[in-house]
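Encoded as structure tokens, the structure appears first; notes follow it.
Computed over heavy atoms, backbone and side chain alike; hydrogens, waters and symmetry mates excluded.
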Amino acid sequence: MESNLEVWKLAHQLTLEVYKITHSFPKSEQFGLMSQMRRSVSSVPTNIIEGQARQYKKEFVQFLYIAKGSLEETNYHLYLSKDLGYITEPDYVFLFELCTRIKMMLYKLIKSLSV
């Protein structure tokens with residue numbers, strides 16, 4: 001399964017990166033921050049592709065807003081992980097910049113569909 005939308009491809013890439021980076025989290029976070037972060041990040045491409053499959057533009061936009069919310073949740077989890085020392089500053093910056101690119105793309109896609 002793959003979407004032709006660039007924003008979906010970047011969101012999928014972010015998901016893969018977060019899964020890789022959380023693999024090294026402490027065992028004590030397995031059912032805590034690691035689990036929350038993986039759920040929120042995977043929700044981004046999931047909602048994009050689910051919205052794309054909907055019949056009406058309005059429904060698609062609604063799912064894009066949900067994806068945007070999940071992206072913000074992921075952004076916070078990344079920030080918290082950095083402050084807890086679970087991820088390095090360079091990894092945080094890379095993932096934060098990827099989140100920012102996705103956020104901008106979601107905004108533009110929502111705007112284009114809302115016209």
Side-chain angles (χ1 to χ4, degrees):
M1 152 165 295
E2 191 171 323
S3 173
N4 61 344
L5 290 173
E6 287 301 314
V7 68
W8 181 88
K9 291 175 185 176
L10 275 181
H12 179 65
Q13 179 188 349
L14 176 65
T15 302
L16 294 174
E17 295 294 334
V18 166
Y19 266 75
K20 285 178 199 170
I21 210 160
T22 57
H23 187 72
S24 64
F25 276 26
K27 276 279 192 207
S28 62
E29 290 294 354
Q30 184 176 4
F31 301 108
L33 183 58
M34 179 194 309
S35 177
Q36 284 184 308
M37 188 181 302
R38 287 179 171 188
R39 280 181 306 192
S40 67
V41 75
S42 64
S43 178
V44 180
T46 300
N47 278 291
I48 293 169
I49 206 146
E50 185 174 352
Q52 191 177 17
R54 296 295 172 140
Q55 187 173 358
Y56 301 105
K57 281 185 190 179
K58 187 175 181 179
E59 290 176 298
F60 188 13
V61 169
Q62 180 181 356
F63 277 89
L64 292 174
Y65 277 118
I66 294 168
K68 198 168 170 239
S70 294
L71 185 63
E72 290 301 329
E73 184 179 351
T74 300
N75 234 338
Y76 173 70
H77 291 148
L78 290 168
Y79 181 78
L80 178 59
S81 298
K82 175 187 66 78
D83 283 356
L84 290 171
Y86 297 160
I87 63 174
T88 65
E89 182 75 25
D91 284 339
Y92 170 74
V93 169
F94 170 74
L95 294 169
F96 176 80
E97 288 174 354
L98 190 53
C99 284
T100 301
R101 286 179 57 203
I102 295 166
K103 186 186 332 182
M104 290 169 50
M105 292 173 83
L106 284 171
Y107 172 78
K108 289 177 183 178
L109 183 55
I110 290 167
K111 191 174 177 183
S112 74
L113 291 169
S114 299
V115 173

- request: Give the intermediate values and the outcome of side chain to side chain contact (heavy atoms under 4.5 Å, CB included) for residues F25 and I87.
  value: CA-CA 8 Å; F25 276 26; I87 63 174; 3.8 Å; yes

Do the side chains of [X] and [Y] join up, straight or via other hydrophobic residues, at under 4.5 Å, putting them in one cluster?
| X | Y | result |
| --- | --- | --- |
| L98 | L5 | yes |
| L16 | I102 | no |
| F60 | M104 | no |
| L84 | F94 | yes |
| L113 | I49 | yes |

How many angstroms lie between [atom1] in [X] and [atom2] in [Y], if you round to the nearest 0.5 Å?
| X | Y | atom1 | atom2 | value |
| --- | --- | --- | --- | --- |
| K82 | F96 | NZ | CZ | 10.5 Å |
| Q52 | N4 | CD | CG | 5.5 Å |
| Y107 | S112 | OH | OG | 11.0 Å |
| L71 | L78 | CG | CG | 9.0 Å |

message: Can you classify the ring geometry of W8 versus H12 as parallel (below 30°), tilted (30 to 60°) or perpendicular (above 60°)?
response: parallel

Side chains of [X] and [Y], heavy atoms from C-beta outward: is any pair under 4.5 Å?
| X | Y | result |
| --- | --- | --- |
| V44 | L14 | no |
| L109 | I48 | no |
| Y65 | I110 | yes |

query: Got more than 12 heavy atoms from elsewhere within 6.0 Å of CD, E89?
result: yes

Check residues 26-43 and write down every donor-acceptor pair under 3.5 Å in which the side-chain atom is one partner and the other belongs to a residue at least two apart or another chain.
unit_1, atom_1, unit_2, atom_2, d
E29, OE1, L33, N, 2.9
E29, OE2, Y86, OH, 3.1
R38, NE, T22, OG1, 2.8
R38, NH2, Y19, O, 3.2
R38, NH2, T22, OG1, 3.2
R39, NE, S35, O, 3.4
S40, OG, Q36, O, 3.3
S40, OG, M37, O, 3.1
S40, OG, T74, OG1, 2.8
S40, OG, H77, ND1, 3.3
S42, OG, R38, O, 2.9
S42, OG, R39, O, 3.2
S43, OG, N47, ND2, 2.8
S43, OG, S70, OG, 2.9

- prompt: Does anything in residues 90-103 pair up under side-chain hydrogen bond (donor to acceptor under 3.5 Å, both in side chains), and if so which pairs, sequence neighbours excluded?
  reply: E72-K103, T88-D91

